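Just so you know, ligand 1 is whichever comes first in the structure, and atom 1 is the first atom listed for that ligand. These numbers were taken from a predicted model, which means no experiment stands behind them.
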Amino acid sequence: MKKYKSVVLIGMPGAGKSTLGVLLAKELAMDFVDTDLLIQSREGKTLQEIIDGSDYLNLRRIEGEVISSAELPSHVIATGGSVVYSAEGMVNLRRLGPVIFLHCSAEELRRRIHNYESRGIAKAPGQSFEELFAEREALYRKYADITVDCDGRDLQQVLGRVLEALDSL
Ligand SMILES: Nc1ncnc2c1ncn2[C@@H]1O[C@H](COP(=O)(O)OP(=O)(O)O)[C@@H](O)[C@H]1O
Ligand SMILES: O=C(O)C1=C[C@@H](OP(=O)(O)O)[C@@H](O)[C@H](O)C1
Ligand SMILES: [Mg+2]
């Protein structure tokens with residue numbers, strides 16, 4: 001029997017939360033939701049439009065509101081990379097199920113992400129990728145129940161690791 005209701009994926013942009021989340025939901029016979037899509041449909045704007053029309057702190061604020069009130073039983077929940085800036089939101093997500101940190105090195109993320117400046121990342125203007133990585137890493141580790149190392153593993157291999165970790169809960 002499953003010892004959890006939902007499963008939450010956290011990690012840097014490019015770690016694979018959205019793509020892996022769908023595969024995981026299929027394996028676990030759960031629904032899938034990407035909190036980025038919840039934000040966009042609530043606001044009627046893309047994430048980049050939200051940032052362009054206000055600033056990155058406003059996007060983080062909206063994200064915090066959305067995840068703090070989320071009721072998502074039996075879902076695999078792919079979050080946006082900035083979700084860990086909302087302490088209240090993380091309390092709510094942790095209530096829903098185990099939090100899995102998809103960990104990638106900065107080098108691996110750099111290989112995957114080529115649009116760092118235009119991807120809609122909620123970061124201070126001028127903040128470098130390396131600075132953001134270091135700031136975020138501590139937050140992901142703080143909230144993770146399970147950490148899965150994704151460097152050098154394809155999606156199927158990461159999926160296998162995640163399923164093993166969930167089985168051993
Ligand atoms: N384990 C992996 N190995 C190689 N590429 C991956 C892996 N996981 C994800 N990707 C690729 O990285 C990119 C970003 O994935 P995505 O799921 O959008 O990440 P996130 O939602 O965490 O930002 C996509 O092109 C995806 O196919
Ligand atoms: O890390 C970030 O600041 C963000 C990551 C994005 O999601 P992904 O992590 O799925 O790319 C999205 O939530 C938003 O553009 C902000
Ligand atoms: Mg995503």
Side-chain angles (χ1 to χ4, degrees), residues 7-27 32-43 45-68 70 72 75-86 89-90 93 99-144 146-165:
V7 176
V8 180
L9 301 177
I10 63 170
M12 282 291 280
K17 305 176 295 294
S18 300
T19 38
L20 183 84
V22 179
L23 303 178
L24 185 59
K26 211 168 167 187
E27 282 295 323
F32 171 74
V33 68
D34 191 319
T35 58
D36 284 347
L37 303 184
L38 296 182
I39 295 168
Q40 294 199 156
S41 66
R42 191 188 94 156
E43 297 297 304
K45 292 178 188 157
T46 65
L47 299 172
Q48 189 63 56
E49 283 168 350
I50 296 170
I51 292 179
D52 291 347
S54 49
D55 60 20
Y56 75 102
L57 291 173
N58 190 40
L59 173 57
R60 287 189 190 170
R61 185 186 60 73
I62 294 168
E63 182 173 55
E65 281 178 14
V66 167
I67 60 164
S68 296
L72 298 164
H75 278 71
V76 172
I77 304 166
T79 61
S82 50
V83 78
V84 287
Y85 292 106
S86 171
M90 289 310 297
L93 291 182
V99 174
I100 303 182
F101 171 29
L102 299 181
H103 177 263
C104 285
S105 65
E107 294 70 31
E108 175 72 23
L109 292 170
R110 275 273 188 212
R111 277 192 286 276
R112 291 187 198 171
I113 298 179
H114 303 287
N115 55 347
Y116 178 64
E117 288 301 334
S118 60
R119 195 184 160 96
I121 294 177
K123 67 170 189 70
Q127 187 173 30
S128 74
F129 180 74
E130 282 67 27
E131 285 164 350
L132 188 76
F133 181 90
E135 176 181 289
R136 295 264 184 103
E137 185 86 353
L139 291 168
Y140 297 136
R141 293 205 182 274
K142 170 176 164 187
Y143 290 116
I146 295 167
T147 299
V148 172
D149 211 327
C150 301
D151 275 14
R153 298 201 166 104
D154 65 24
L155 277 166
Q156 283 306 318
Q157 290 170 321
V158 176
L159 179 64
R161 291 286 167 136
V162 169
L163 290 170
E164 268 173 38

With a 4.0 Å cut-off on heavy atoms, does Ala78 reach ligand 1? no
Is the NZ or CZ atom of Arg61 both under 6.0 Å from the centre of the six-membered ring of Tyr56 and within 45° of that ring's axis? no
Any Met12 heavy atom less than 4.0 Å from ligand 1: yes
Nearest neighbour in protein (non-hydrogen) for atom 11 (O) of ligand 2: Arg119 NH2, 3.1 Å
Under the side-chain contact (heavy atoms from CB on, under 4.5 Å) criterion, do Glu137 and Phe101 qualify, and how do the steps go? CA-CA 10 Å; Glu137 185 86 353; Phe101 171 29; 3.9 Å; yes
So is Arg119 close enough to ligand 1, meaning a heavy atom under 4.0 angstrom away? yes
Under 3.5 Å between some N or O of ligand 2 and some N or O of Met12? no
Is Gly16 close to ligand 1, meaning an N/O of one under 3.5 Å from an N/O of the other? yes
Checking the N or O distance criterion of under 3.5 Å, is ligand 1 in contact with Lys17? yes
Applying a strict 4.0 Å limit to heavy atoms, is Gln48 in contact with ligand 2? no
Please list, in number order, the atoms of ligand 2 under 4.0 Å from a heavy atom of Gly80. 7 (O), 9 (O), 13 (O)
Please classify the Lys17 to ligand 2 contact at 4.0 Å (heavy-atom distances, strictly less than): side chain, backbone, both or neither. side chain
for atom 17 (O) of ligand 1, nearest protein heavy atom and its distance come out as Thr19 OG1, 2.7 Å
Quick one: look at Ile121 and ligand 2, take heavy-atom pairs under 4.0 Å, and tell me if it's side chain, backbone, both or neither. both
So is Gly11 close enough to ligand 1, meaning a heavy atom under 4.0 angstrom away? no
What protein atoms of element N, O or S are positioned under 2.8 Å from the Mg ion (ligand 3)? Ser18 OG
At under 4.0 Å between heavy atoms, is it the side chain or the backbone of Arg112 that contacts ligand 1, or both, or neither? side chain
Any protein heavy atom at under 4.0 Å, with atom 20 (P) of ligand 1 as the reference point? yes
Nitrogen or oxygen of Leu47 less than 3.5 angstrom from that of ligand 2: no
Salt-bridge present (Arg111, Glu108; N to O < 4.0 Å): yes
Examine Gly81 against ligand 2 and note whether any of their N/O atoms are separated by less than 3.5 Å. yes
Any chance you could lay out the salt bridge (charged side-chain N to carboxylate O under 4.0 Å, His left out) test for Glu131 and Arg136, step after step, and finish with the verdict? CA-CA 9 Å; Glu131 285 164 350; Arg136 295 264 184 103; over 6 Å; no
Could you identify the single nearest non-hydrogen protein atom to atom 6 (C) of ligand 2 and state the distance to 0.1 Å? Asp36 OD2, 3.6 Å
Note: Arg136, heavy atoms under 4.0 Å from ligand 2, region reported as side chain
With respect to Gly14, determine whether any N or O atom, backbone or side chain, lies less than 3.5 Å from an N or O atom of ligand 1. yes
How are the rings of Phe129 and Phe133 set to each other: parallel, tilted or perpendicular (split at 30° and 60°)? tilted
Need the ligand 1 atom indices (1-based, order shown) with element for anything under 4.0 Å from a heavy-atom of Arg153. 1 (N), 2 (C), 3 (N)
Look at atom 24 (C) of ligand 1 and say whether a protein heavy atom is found at less than 4.0 angstrom from it. no
Is there a protein heavy atom at a distance of less than 4.0 Å from atom 13 (C) of ligand 1? no
Closest to atom 16 (C) of ligand 2 among protein heavy atoms sits Gly120 O, 3.3 Å
